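These notes are about the structure you will find just below.
Atoms within a ligand are numbered from 1 in the order they appear, just like the ligands themselves. Please read all numbers here as calculations on a predicted model, not as lab measurements.
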Amino acid sequence: MSKSKSSESVKVVVRCRPMNEKEKAANFGRVVSVDVKLGQVAVKNPRGTAHEHPKVFTFDSVYDSNSKQVDLYDETFRPLVDSVLLGFNGTIFAYGQTGTGKTYTMEGVRNDPERRGVIPNSFEHIFTHISRSQNQQYLVRASYLEIYQEEIRDLLSKDQARRLELKERPDTGVYVKDLSSFVTKSVKEIEHVMNVGNQNRSVGSTNMNEHSSRSHAIFVITIECSELGLDGENHIRVGKLNLVDLAGSERQAKTGAQGERLKEATKINLSLSALGNVISALVDGKSTHIPYRDSKLTRLLQDSLGGNARTVMVANIGPASYNVEETLTTLRYSNRAKNIKNKPRVNEDPKDALLREFQEEIARLKEQLEKRSGKRSQSKGRKRRPGESGDELAEGDEDGEEEGDGDEQAGEMRRRMRIIGGSSRKSWRRRGRPSWRITAWWQRRN
Ligand SMILES: Nc1ncnc2c1ncn2[C@@H]1O[C@H](COP(=O)(O)OP(=O)(O)OP(=O)(O)O)[C@@H](O)[C@H]1O
Ligand SMILES: [Mg+2]
């Protein structure tokens with residue numbers, strides 16, 4: 001079923017953002033120095049003596065305030081996305097104090113190729129890989145959810161008031177029931193999915209960040225790849241990429257959060273401390289119980305922390321003396337996370353591969369069409385030529401288009417499957433057949 005692989009550690013990188021205007025105006029000292037070559041971050045105590053040694057932490061890689069989005073992608077994230085294309089699960093998550101650059105790292109500035117973050121860069125990477133592939137067939141789906149005040153919202157759903165439940169299955173683990181997913185065939189389409197979801201995301205202004213994420217957001221890309229094996233059978237590998245932009249930890253005294261903002265902050269801090277507890281329990285070597293169930297966030301990240309996934313954690317920090325305690329807390333947490341062991345494996349031929357269902361559906365339709373054209377040529381006493389228009393519609397054809405030759409029609413369907421994509425699996429189930437003719441709802445909305 002799946003190829004097992006030995007365990008590997010969570011990869012942790014640190015990124016320090018530049019001083020912001022407020023920090024410069026307030027003349028805060030710089031307490032963080034980054035040694036890119038050694039992979040070290042040193043933090044000095046702003047109230048310490050000149051002889052006091054800074055605290056030094058070593059990571060897989062560290063990035064200073066001049067770091068370029070594309071360098072982070074190429075060095076740190078590209079290999080993980082490559083392994084998702086091979087059928088591994090992968091998770092990238094940004095962790096850190098409010099205002100330190102988590103959203104900048106994950107999403108960045110969308111319309112600026114130099115400043116766009118991991119999520120848009122991964123779109124480009126995935127679809128370039130697919131366009132160059134020769135003997136594989138791919139199906140890419142995207143979902144987008146947020147955990148807002150401990151409730152799960154589907155950012156792609158028309159009904160934003162609806163809350164979703166977490167469920168668990170022995171074969172696939174924890175999942176979100178009824179989460180919509182959209183088949184996307186190009187960078188443009190998947191970007192559209194992200195943009196629609198972002199419009200629904202909970203963002204608010206605080207004293208620490210004008211556009212502060214008030215929820216944890218997870219953009220999920222599922223990539224199915226079908227390929228002919230040496231045994232002559234088609235095999236499907238499925239990799240799931242979780243791109244996680246966490247809300248930041250914050251202190252009320254600094255953010256000035258009140259009312260709804262304060263309520264949000266309390267929940268954010270609670271789930272982040274649940275995440276911290278899970279990390280501690282995983283690495284302390286004594287815990288027999290890992291408290292994944294203490295928050296929705298930790299349940300959703302269960303496979304990414306100690307399970308079947310490759311994981312990269314980006315710890316975002318700021319350079320100013322004003323935030324030294326939060327910076328040290330982030331570095332200690334992330335330093336611990338380096339010791340988490342995961343057991344990633346290629347997910348091969350899972351029962352619920354959508355691509356398999358599409359292939360079977362096409363084979364069924366093809367057979368049906370062949371039977372029909374066989375009957376027709378008998379009754380008309382001649383064989384139809386390829387491309388010659390037919391006389392009736394295929395069963396259930398909603399659009400009323402004319403049919404061609406059976407093979408050609410099946411080929412056309414296969415092409416549509418690749419090119420048009422479908423809608424959510426749920427709507428397919430409801431209709432009892434693939435829905436590649438359905439125009440995605442966001443296209444209708446625009
Ligand atoms: N590496 C960087 N280079 C330039 N600007 C940055 C960098 N990192 C962050 N910024 C800027 O700092 C501000 C805060 O960043 P961002 O919104 O990404 O923080 P965050 O960690 O997501 O905060 P929150 O937890 O409140 O959501 C933004 O204006 C962003 O553009
Ligand atoms: Mg943010």
Side-chain angles (χ1 to χ4, degrees), residues 13-25 28 30 32 34 36 41 61-73 75-77 92-121 144 146-149 155 194 197-198 200-219 243-252 254-257 260-262 264-273 275 297 313-320 322-323 326-327 329-331 333-334:
V13 305
V14 172
R15 184 182 207 184
C16 184
R17 68 154 165 76
M19 281 274 190
N20 63 30
E21 294 310 317
K22 271 190 184 170
E23 290 164 348
K24 281 186 205 159
F28 287 125
R30 182 182 295 273
V32 174
V34 174
V36 175
V41 182
S61 300
V62 295
Y63 293 93
D64 62 20
S65 55
N66 299 316
S67 58
K68 301 262 174 302
Q69 300 277 49
V70 66
D71 292 338
L72 255 88
Y73 193 80
E75 292 162 18
T76 295
F77 306 122
I92 297 171
F93 75 97
Y95 174 89
Q97 184 194 2
T98 181
T100 49
K102 297 178 293 298
T103 303
Y104 183 82
T105 300
M106 296 309 298
E107 200 186 310
V109 182
R110 264 175 262 160
N111 300 325
D112 179 346
E114 293 228 326
R115 289 190 294 160
R116 65 182 182 203
V118 188
I119 300 179
N121 277 326
Y144 202 2
E146 72 172 5
I147 307 171
Y148 178 73
Q149 300 204 18
L155 291 172
M194 183 181 78
N198 281 342
N200 292 325
R201 207 184 156 186
S202 307
V203 176
S205 176
T206 72
N207 292 346
M208 294 287 284
N209 188 357
E210 205 186 322
H211 300 282
S212 180
S213 316
R214 311 312 289 164
S215 66
H216 307 300
I218 310 186
F219 193 92
L243 299 157
V244 187
D245 178 17
L246 296 180
S249 53
E250 58 185 61
R251 291 187 182 179
Q252 198 258 340
K254 282 185 174 179
T255 55
E260 207 47 24
R261 288 287 95 87
L262 183 60
E264 290 164 354
T266 314
K267 295 281 188 193
I268 292 169
N269 288 342
L270 266 177
S271 62
L272 289 174
S273 76
L275 178 63
L297 177 66
M313 170 180 178
V314 190
N316 288 96
I317 56 173
Y322 168 65
N323 292 322
E326 290 92 336
T327 301
T329 307
T330 299
L331 292 171
Y333 267 127
S334 30

- Message: Quick check on the Mg ion (ligand 2): does Thr103 put an N/O/S atom closer than 2.8 Å to it?
- Response: yes
- Answer yes when Arg115 and Asp112 have at least one side-chain N-carboxylate O distance shorter than 4.0 Å, and no when they do not. yes
- Message: With a cut-off of 2.8 Å, does Ser213 put an N/O/S atom close enough to the Mg ion (ligand 2)?
- Response: yes
- Task: Please work out which of the three classes, parallel, tilted or perpendicular, describes the rings of Tyr95 and Phe93, given edges at 30° and 60°.
- Result: perpendicular
- Ignoring hydrogens and angles, state whether a donor on the side chain of Arg15 or Thr105 is under 3.5 Å from an acceptor on the partner side chain. yes
- Item | Validation row: Leu246, Leu275 side chains within 4.5 angstrom (heavy atoms) | yes
- Message: Side chains of Asn207 and Lys22: any donor to acceptor distance under 3.5 Å?
- Response: no
- Between Arg214 and Glu250, does at least one N-O distance fall below 4.0 Å, as a salt bridge requires? yes
N/O pairs closer than 3.5 Å, ligand 1 and protein:
from, atom 1, to, atom 2, distance (Å)
ligand 1, 17 (O), Asn209, ND2, 3.0
ligand 1, 18 (O), Thr103, N, 3.2
ligand 1, 18 (O), Tyr104, N, 2.8
ligand 1, 19 (O), Gly101, N, 3.2
ligand 1, 19 (O), Asn209, ND2, 3.4
ligand 1, 21 (O), Thr100, N, 3.2
ligand 1, 21 (O), Gly101, N, 3.0
ligand 1, 21 (O), Lys102, N, 2.9
ligand 1, 21 (O), Lys102, NZ, 2.7
ligand 1, 22 (O), Thr103, N, 2.9
ligand 1, 22 (O), Thr103, OG1, 2.9
ligand 1, 23 (O), Gly99, N, 2.8
ligand 1, 23 (O), Asn209, ND2, 3.0
ligand 1, 25 (O), Lys102, NZ, 2.8
ligand 1, 25 (O), Gly248, N, 2.9
ligand 1, 26 (O), Thr98, OG1, 2.5
ligand 1, 26 (O), Asn209, ND2, 3.1
ligand 1, 26 (O), Ser212, OG, 2.6
ligand 1, 27 (O), Ser213, N, 2.8
ligand 1, 27 (O), Ser213, OG, 2.9

- Message: Less than 4.5 Å apart, side chain to side chain, heavy atoms only: is that true for Lys68 and Tyr63?
- Response: no
